[in-house]
Each structure stands twice: as structure tokens, then as C-alpha cells.
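Excluded from the calculations below are hydrogen atoms, water molecules and symmetry mates; all remaining heavy atoms, backbone and side chain alike, are included. Naming convention: chains lettered A, B, ... in sequence-line order (proteins, then strands); numbering from 1 in each chain.
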Number of protein chains: 2
Amino acid sequence: MSRPIRKRRTIITAVPNPTLRDVAEAAGVHAATASRALNPETRRLVNAETARRVLKAAESLGYQPNPIARSLKTAKSRTIGLVIPDLTNPLFPPIVRGIEDVLGPAGYSALIVNTDHDPAREEALVASLRSRQVEGLIIATARLDHPLLRELHQQGVPMVLVNRRTENVDVPCVTPDDAAGVAMAVKHLAGLGHTRIAHLAGPTSTSTGVVRANAFRTALHEHGLDDDPSLIVACEYWTEEAGARALRHLLDSGADPSAIVAGNDLIALGCYDVFAERRISCPRDMSVVGFNDMPFLDKLRPPLTTIAVPHHQVGVEAARMLLELFEESARPARSVLLPLSLVVRGSTARPSRR
Amino acid sequence: MSRPIRKRRTIITAVPNPTLRDVAEAAGVHAATASRALNPETRRLVNAETARRVLKAAESLGYQPNPIARSLKTAKSRTIGLVIPDLTNPLFPPIVRGIEDVLGPAGYSALIVNTDHDPAREEALVASLRSRQVEGLIIATARLDHPLLRELHQQGVPMVLVNRRTENVDVPCVTPDDAAGVAMAVKHLAGLGHTRIAHLAGPTSTSTGVVRANAFRTALHEHGLDDDPSLIVACEYWTEEAGARALRHLLDSGADPSAIVAGNDLIALGCYDVFAERRISCPRDMSVVGFNDMPFLDKLRPPLTTIAVPHHQVGVEAARMLLELFEESARPARSVLLPLSLVVRGSTARPSRR
DNA sequence: TTGAAAGCGCTAACAG
DNA sequence: CTGTTAGCGCTTTCAA
């Protein structure tokens, strides 16, 4: 009989945090039915009229499902972990936003952790993410040799890599088309008439560092330019300071370039510091091209010519890929290369010397 | 009798995801006892030797407590919501890191949402955070008139405001000492000999905009300078474009300043654009001071003199304050003003014209 | 000091 | 189509 239920329904008009049972009682049905009605996936299992009543009851009570209870039952947290080196690097915020723009509408949230490039910290943070039951990981800290990634992969943790890749682990990646980007930079400089072009490469422990350096060498060949090994110097980190050190080293070695392809924008900024130190005029004495097109580069002196990376799109693709992985986790790892574009500003010009 | 338990213990050596019961069985105790032993808070309720056995069992099984189950039981999610306008604004990443540096060690995680300055979006995002059972909110999007904040406060949602304040709601805030910062900027310019100093204020809908503008007027008085109302123009947004528009307006109005105190660094960058447009040489013809000291300002042409805000510290204080609020939610709202410092670079100099 | 029992809010068989 | 039942993994009375 439904009398007692009815009675309760009228008494409980405004519960502080209405539960599914409150809704069910208000609608005069069982909690299970209310659950079915409320979930779009299972709504068709219930009489349309009943469903309507449940929806209305939920609405009027201001019912909000408790995702924690749902998670406990379904063993799905609707949460993913995002592992980045450092959020204050302007590279990452647009990627994060791209990820969240896809995840949010799909009902997922991201937990962000910063590793500060410390493998031990990374391991601890990943462990904490996993203990929080994240369903998958998006990782922006990949090194070529990265035991943690191999281990996670073996344990079947769904993940996708962004920006950088790793070796020996078959994991889907979303990266900029680094080789094409470097080729554009070299073509631009060669077109201006530069013949001694140097490369301040990123760290050789990262795929981005290695891929860009290799692409640089290939591009030189294609343009029939000097492939002097002394024109390539690897930076220890992706930072201004490391870029400055590398350029000083390059200049002191007497390699004498007229143009530089920097591994990324920060390394290019390090070049600016050295230009100031040594009274080198850019672009008159030396041209430089960055990589990434981080914000405010147009405000520099001179404005930096660079390769624009669609960071937001990188995030979007990565998040989509992870969601797809959840759908059919057996799918083979597929990777995506995103197209880049050259942004010509004031840091590149024809060489003034011979 | 413990025989069956023992037996099971030896059989189950490596459960994939060991649960509390697995640990309990392995240690030959009840799940409740294992729970008490594992939780430092309740460990003293259990025999030291038993506790040791439980800890060892947990260790050897690689037990990780399931925070979702715990949350369901305790109605605490160990999660907080962080509401910011836009993560790609370089102001916010250091604040986020400060927050996470405090939250992480305390066992909390942050869910970040970006409102893009859209009140409707903000409302929806806050609702989604609340449905995810966040225990509290850190809000960086406060406007002076902000009905949502008043409503949340009435509902007793623990929250703290960062960067900006709101009116008529008694909520704890962590903000830079805007008035002191503006006073430093004006003092610096006055000391250089400027007498016609303009202010490109932030939006009047935000406390930061209003407080800085008022402080500007006060500082002018203190230095006995022109308080010409036409020297103060409010920008519509905290952006380069709005800053540029405001400066054009100021210049066109004939106010004729020799120096500008910009509401923030982005507004100052907008000034740089106008300087280029109108062939105004900075700092020869016009000095400008920014506010915030966002990254890479030293690389601009000229390097921007600005007021440095300890953003990381802002995040740290805000997170601490929220955690304190959880401890004793009846405590009266307390607010913190963080000290700033002037960073003199190349965008300020003595006035060249008389 | 420990165990038994209950239940957080929800979903998923299963039965009717 | 709907109700019953059980249980996700944990904490917390209450008894013993």
C-alpha cells in the first residue's frame, strides 16, 4: 500500500540534501525505479509517465545525485589524472583548458599534479592519483627512457601522452608535428639567405629534443646547407638559463652562425639575454626562431619569430583519445601529430654579413 | 576459530586491489579493527601488537584505502573547488601551485574550473563542483556585486576569496596589499620628478579596480600632485586591448600625462601597443608602471617596471585559511593583505619634458 | 581491546 | 515495467 509513502511525501517537503530515496518516495516509486528514470541510459526501461513523475519530483526537491555513492557502486570515479611538469610554464595552461573543455561535457574532471621534473615526486604523485581512483592518465612529462610509464602501461592503466613521447612503450600520443615545425623554421631562414644556421636543441632525454634535432639536420640537408656538428648544441633543460648557457658555449666554440633555431621559446629567450650581454643585435647580427608561440612574444624586443603550436587542440585531442580508450580499451595505440604554423615576427631577417 | 581465516590468508597472496577486508583477514582480525589500526587517529584504540600486524599485512598486500568508500561513509570528499576566470592568464598558475602545495600534504585535491568571466558559466560550474561534493571553495572571480557569493555564503559553503573581494558578504579574503602597491608606484614616479601621473584603472566592478584607483588618488594627494579627474580612466577589462583603448582615450582627451600607473601588467602591455602606434618613446616620452610582475616582463622593450605580487604566497595563504575554516567553521571571517614590492626596470625614467 | 552489525547513496541482477 | 535484494569499501556505534 502506498499510504505511508504518500504520508511521508507530504511531510518531507524540503530535505536539505535529498537522496534518491527521497525522490523515489516523493514520486511514489521504489528507489531503483527512480534511479532508472533519472539515468538517461536506463530511462527507456521505465514507463514514460512514471519517468516523468520521477523527473518532476527530482526537480522540485532539487535532487543532485551523489557521485561518490555512484562511484563506489560502479567503480568508476569519473576522474582522470593530468601529470605535467609545471603549471607555471605557459605551455601548459592552454593544454589543460583543451582537456577540460572535452572532459567537462563528458562528465569527467581532471586532477592536476606538477612533478617539477622530479621522477621521485612524479612517482609519488601518480600513486596518489591512482589511490584517488582516477580512471586514466594524461601525461605531459614523458622522457624517452621512462620506467614508470612502462610499468603503468603493463598494469593496464589507460593513458595518453601529450607533447612528448617515450620509447619502447606502445602508448597513444598527441604531439605537435615537430619535424614539420623545424623544417618550416629552417626553410624560412634559408629563404632569407642564411647558410650557417645553428640549433640549440632541447634535452636529449626528451623526444621533443631529439626529434627536433634530427629534423633540423634533415632540413639542413634538404637545403644543401652546412651540416657542421658544432652548429648543434643540446641544452640541459628547456629553460632560458640553459638556452643562454648553450648559446654562450656555441659562440665561444667559434661556430659562427648567422641564425639560430631554438628548441623552444624559452631557449630563444635565453638567446636574447646573451645578445644583450655580448651586444649582438638581433636580427641584424643574428636571427632567431623559437618554438611554441607562448603568449606575449609579440611584445619582446624584437618580437620573436616562432612556430605556433595549437596547444588547446593538443589538449582536446588528448582528452578525446583517453575517452575513446575508456570505450574500447583493446584498441591499438594510435597517435596524432598536430599541424604547426610559422609566425614571422621581428627576430629574423636577411643576414647582414656576407 | 581462526582456521578458515588462516587458510584464506595463505591462498590470497596477491589480490589485485586489496580491500580492507583482505588486510584484516591477512592479519587475522576483523575489518573494523584493521580500519582502526590503519587510521592514525584511531590507532590508539587498538593493541599495539595487533596494529603492527595489520600495518604489516597492509604493507605486504600493497593496500591502498579507497577514498571513495571512505568519502561515502564520512561525507567528506577531501576535495575543494577552485574557481578562476582563466588559467591561461599567467596570474593564476602560481596561485594554483601555492594552493596545491598546501592542499596536497593535507590530503586534499583541487578541482579547477574556468569561468571565462561569464556569470552563467560560473554558476553552472559551481553547481557541478558542489554536486561533486567539494568541501569548500576558493574563488578568484569575485566581483563587488556578486549575488552567487552571497547565496553560497548564506548556504554555509566554506569559502575564501583570492585576489579580489566582494561587497556585503563577510567572507575571508587573501589579497595583495593593493593600496600599498599603488602608493609605491606613485612614490617611485613622483621621486623621478613626474607631476602629471595618470592611472589606467581596472574595471570598476572589481575590488582590485576600485581599491587601486582610490589608492592612486590618495597617493597623489600625499605627494601634493595634480588630482585632475581626467587623469584617471577605467578600463573595461583587465586586458591589453582594454588598456590600449583607455590610453588612446586618455591621450585624445588632452590630459597630457608624463607617466602612467597601469591597473595591471596586461593594461601596461596595451600601453606599449599605443606607444608603438603613436611613436611615443617609453620611457623618454612616457613612463609606465605595471602591476603583478607576470613572467617575462624583463624581456619586453623596454623591460616593464611593475609591482611584484607574491602569487604563490596568495595561494598558500588561501588554502591554509580554507583548511582552518574546515576545522572551526564558526570562526569569524579574517582577511589577509600580502605585502608587495616595487620592481624597477626600464619603463620608468625622469620626465624629459618639463 | 576487539567483533558484530549497520549503513553512507547508489546501481544492478533477479524476480515478479 | 517495477520492486526486492544485495553489496560497492569503509567507518562507527554498540556490545562483549
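Here D:dT12 presents its C1' atom at 14 Å from CD of B:E41, a figure rounded to the nearest Å. In this entry the distance linking CG of B:L38 with P of D:dG9 reads 15 Å, nearest Å. Between the C1' atom of D:dT11 and the CZ atom of B:R78 lies a distance of 14 Å, rounded to the nearest Å. As a whole-Å value, the separation of B:L20 CG from C:dA5 P is 17 Å. The CG atom of A:L45 sits 16 Å away from the C1' atom of D:dT4 (whole-angstrom rounding). Straight-line distance from the CD atom of A:E25 to the C1' atom of D:dG3: 14 Å, rounded to whole Å. Computed from coordinates, the A:R21 CZ to D:dT5 P distance equals 13 Å when rounded to whole Å. Counting to the nearest Å, the C1' atom of D:dG9 and the OH atom of B:Y63 are 7 Å from each other.
Between B:T33 and the phosphate of C:dG3, there is a side-chain N or O to OP1/OP2 separation shorter than 4.0 Å. Regarding contacts with the backbone of D:dC10, every side-chain N or O of B:S35 stays at 4.0 angstrom or more from both OP1 and OP2. Remark: B:T19 is in phosphate contact with D:dC10, judged by side-chain N or O atoms under 4.0 Å from OP1 or OP2.
Residues B:P94 and B:H311 come closest through the heavy atom pair CB-CB, 3.7 Å. Shown here for B:V54 and B:V23, the closest heavy-atom pair between the two residues is O-CG1, 3.8 Å. Scanning all heavy atoms of the two residues, the minimum distance from A:A110 to A:E100 falls at CB-OE2, 4.3 Å.
For B:A51 and B:L72, each mapped to the nucleotide of DNA chain C holding its nearest heavy atom, the one lying further toward the 5' end belongs to B:A51. Each of B:R36 and B:K73 was assigned the nucleotide of DNA chain C with the nearest heavy atom; the assignment lying further toward the 5' end belongs to B:R36.
Between B:T33 and the options B:V46, B:L45, B:L38, a side chain to side chain contact (heavy atoms under 4.5 Å, CB included) holds for only B:V46.
Between A:F92 and B:L87, every side-chain heavy-atom pair lies at or beyond the 4.5 Å cut-off.
Nucleic acid contact class of B:A75 (heavy atoms, under 4.0 Å, all strands): none. If you check every strand for non-hydrogen atoms under 4.0 Å, B:T50 touches sugar and phosphate atoms only. Note on B:I68: nothing from the nucleic acid sits closer than 4.0 angstrom, heavy atoms only.
With C:dG3, D:dG9, C:dT11 as the choices, the nucleotide that has an atom nearest any side-chain atom of B:A69 turns out to be D:dG9. Here the nucleotide nearest the side chain of B:H30, chosen from D:dC10, D:dT4, C:dG3, is C:dG3. Comparing C:dC10, D:dC1, D:dT11 against the side chain of B:R70 picks out D:dT11 as the nearest.
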